[in-house]
Amino acid sequence: MSSPLFISWKRYQRRSDVLAEALGAEVAWRPSKATPKILRPFDYVAHTSNDLKLIRSRRPSFVVAQAQPHLSALAPYLGRVPYIVDAHNGQFQSWWRRVPSTASILRGAQLVLTHTAEADAIARAEFPGLRTLVVHDPLREIPPAPPRGWVFVVATVAPDEPMDVLIDAIEAMPDVPFATTAPLHRLPPPLRERAERLPNLTTLGFLDLPDYEAAVAAARAVVVLTDRDATQPSGACEALSACRPLVLSRTQTTEALFGSFATLVANQSDALVEGVRRAIAEDPAAAGRVAAAREAWMRRTDAELETLRSHVPARATA
């Protein structure tokens, strides 16, 4: 048997990358080729076929599959290879939890990873008896980069991101430069047109990992917004990895995870404006708070990863 395999039906996702590295797994990235979502099922069929061929040729000791969609675990399920599901919040807080195959694939996993205690409780309520383990995003430190002066916005135009609030706030701060890799072309036309007219918003497009990390590390502050409960935003972990000031939507979960150093704001434009200005103001103690939070986070995830390794199928360690 060969080393573990991590299946991620994404172009890139930092959690998958860092988690795979921690488990000694090779990542199989499967970006979607079908742009219209109505054609996405054809992508899923192609991905599953390719994954099954890869599993049969490589014979990995175990597989980790990122969800949603849980269908990324269909290949190891069919191939009878031990597998773990890394379940992002959408798996349990969107329509994906109602897809007929969900229960059988999740229950067939050796373990289902959740990202927060709140998300874990939701998963267990949706699927009583499910074998779960909370593993927060492992951090891989992002080295410093020459300052660029911008506020970097981490966004993917996902349904839980209040992009209208973001555009309103950027519009209200013409003196503050912003940058983002968000695919603004996916916004509704009126909002997209407003975003494209903003002179203080630079759209960087998709960046290779070193360039993306440099863009985050060069920022005066990082902005991450979500209106979904129980969510641990990956962008907040990227800010922590780079030791940058963070402006983040306030929820019970974000307050518990990032409240020791982040500027937490309501999802309202005036609150976001105030939060950004507070985050970019001079504060000699800010760097120490972020560094202490990063060290504590890494200690916790190290312990979580040790627990995860103890659940790795016995065949994987033989």
Side-chain angles (χ1 to χ4, degrees), residues 9-15 30-44 66-69 88-99 150-207 212 215-216 219 221-236 238-239 246-251 253-254 264-277:
W9 287 4
K10 302 286 183 182
R11 187 174 184 181
Y12 179 80
Q13 209 280 332
R14 188 175 184 85
R15 175 180 169 98
R30 303 288 194 217
S32 295
K33 295 181 180 179
T35 301
K37 288 189 176 180
I38 194 171
L39 299 178
R40 199 63 57 82
F42 296 101
D43 258 356
Y44 296 162
Q66 184 204 52
Q68 79 280 0
H88 289 235
N89 280 39
Q91 182 61 61
F92 301 111
Q93 292 179 268
S94 73
W95 57 269
W96 276 110
R97 70 189 188 278
R98 302 297 183 207
V99 176
W150 58 39
V151 174
F152 189 78
V153 179
V154 179
T156 60
V157 193
D160 67 303
E161 297 170 352
M163 296 298 292
D164 55 337
V165 171
L166 175 67
I167 300 306
D168 286 347
I170 294 174
E171 202 169 48
M173 289 184 284
D175 57 313
V176 178
F178 289 80
T180 187
T181 57
L184 299 182
H185 63 276
R186 296 181 184 172
L187 291 171
L191 196 58
R192 183 188 67 238
E193 291 165 7
R194 284 182 57 203
E196 290 172 345
R197 288 197 303 265
L198 289 170
N200 59 329
L201 176 60
T202 300
T203 54
L204 303 174
F206 183 85
L207 298 177
Y212 179 83
V216 174
V222 176
V223 171
V224 183
L225 301 180
T226 181
D227 58 17
R228 179 182 285 162
D229 294 333
T231 295
Q232 169 205 259
S234 293
E238 291 171 355
L246 172 64
V247 182
L248 179 62
S249 298
R250 181 187 294 277
T251 68
T253 301
T254 59
L264 301 177
V265 299
N267 284 328
Q268 300 168 357
S269 58
D270 55 348
L272 180 55
V273 168
E274 181 183 350
V276 168
R277 294 202 180 279

Rounded at 0.5 Å granularity, tell me how far NE2 in His185 sits from CD in Glu196. 10.5 Å

I'd like to know whether Thr254 forms a side chain to side chain contact (heavy atoms under 4.5 Å, CB included) with Val224, so could you lay out the CA-CA distance, the side-chain angles of the two residues, the decisive distance to 0.1 Å, and finally the verdict. CA-CA 11 Å; Thr254 59; Val224 183; over 6 Å; no

Smallest heavy-atom separation, Val151 atom then Val176 atom, equals CG2-CG1, 3.8 Å

Starting at OG of Ser269, measure out to CD1 of Ile167 and round the result to the nearest 0.5 Å. 11.5 Å

How long is the span from the CZ atom in Arg97 to the CD atom in Gln68, to the nearest 0.5 Å? 12.0 Å

Going by the rule side chain to side chain donor-acceptor pair (under 3.5 Å), which residues pair with Tyr212 if we only count those two or more places apart in sequence or in a different chain? Glu238

Inter-residue atom distance Arg186.CZ - Met163.CE, 0.5 Å rounding: 11.0 Å

Do the side chain of Thr202 and the main chain of Ala179 share a donor and acceptor less than 3.5 angstrom apart? no

Where Ser249 and Leu264 come nearest, the two heavy atoms and their spacing: O-CD2, 4.3 Å

Between Arg40 and Ser32, which heavy-atom pair has the shortest distance, and what is it? CD-OG, 3.5 Å

Separation between CD (Gln66) and CZ (Arg15), nearest 0.5 Å, reads 9.0 Å

Are the side chains of Trp9 and Asp43 in touch, meaning some heavy atoms are under 4.5 Å apart? no

Tell me, which pairs form a salt bridge (charged side-chain N to carboxylate O under 4.0 Å, His left out) where one or both residues lie in residues 153-170, sequence neighbours left out? Asp168-Arg194

Asn200 side chain to Asp175 main-chain N or O, any donor-acceptor pair under 3.5 Å? no

For the backbone of Val153 and the side chain of Thr180, can you confirm whether one donor and one acceptor N or O come within less than 3.5 Å of each other? yes

Taken to the nearest 0.5 Å, the spacing of Thr253 OG1 from Gln232 CD works out to 9.5 Å

Side chain to side chain contact (heavy atoms under 4.5 Å, CB included) between Val276 and Phe178, worked out: CA-CA 11 Å; Val276 168; Phe178 289 80; 4.3 Å; yes

Would you name the heavy atoms of Ala239 and Val222 that are closest together and state the gap between them? CB-CB, 3.8 Å

Looking only at heavy atoms, the pair that brings Val154 and Gly235 closest together is CG1-CA, 3.6 Å

Which pairs, with at least one residue in residues 221-230 and sequence neighbours excluded, count as a salt bridge (charged side-chain N to carboxylate O under 4.0 Å, His left out)? none

Mind listing the closest non-hydrogen atom pair of Gln91 and Ala67 along with its distance? OE1-CB, 3.4 Å

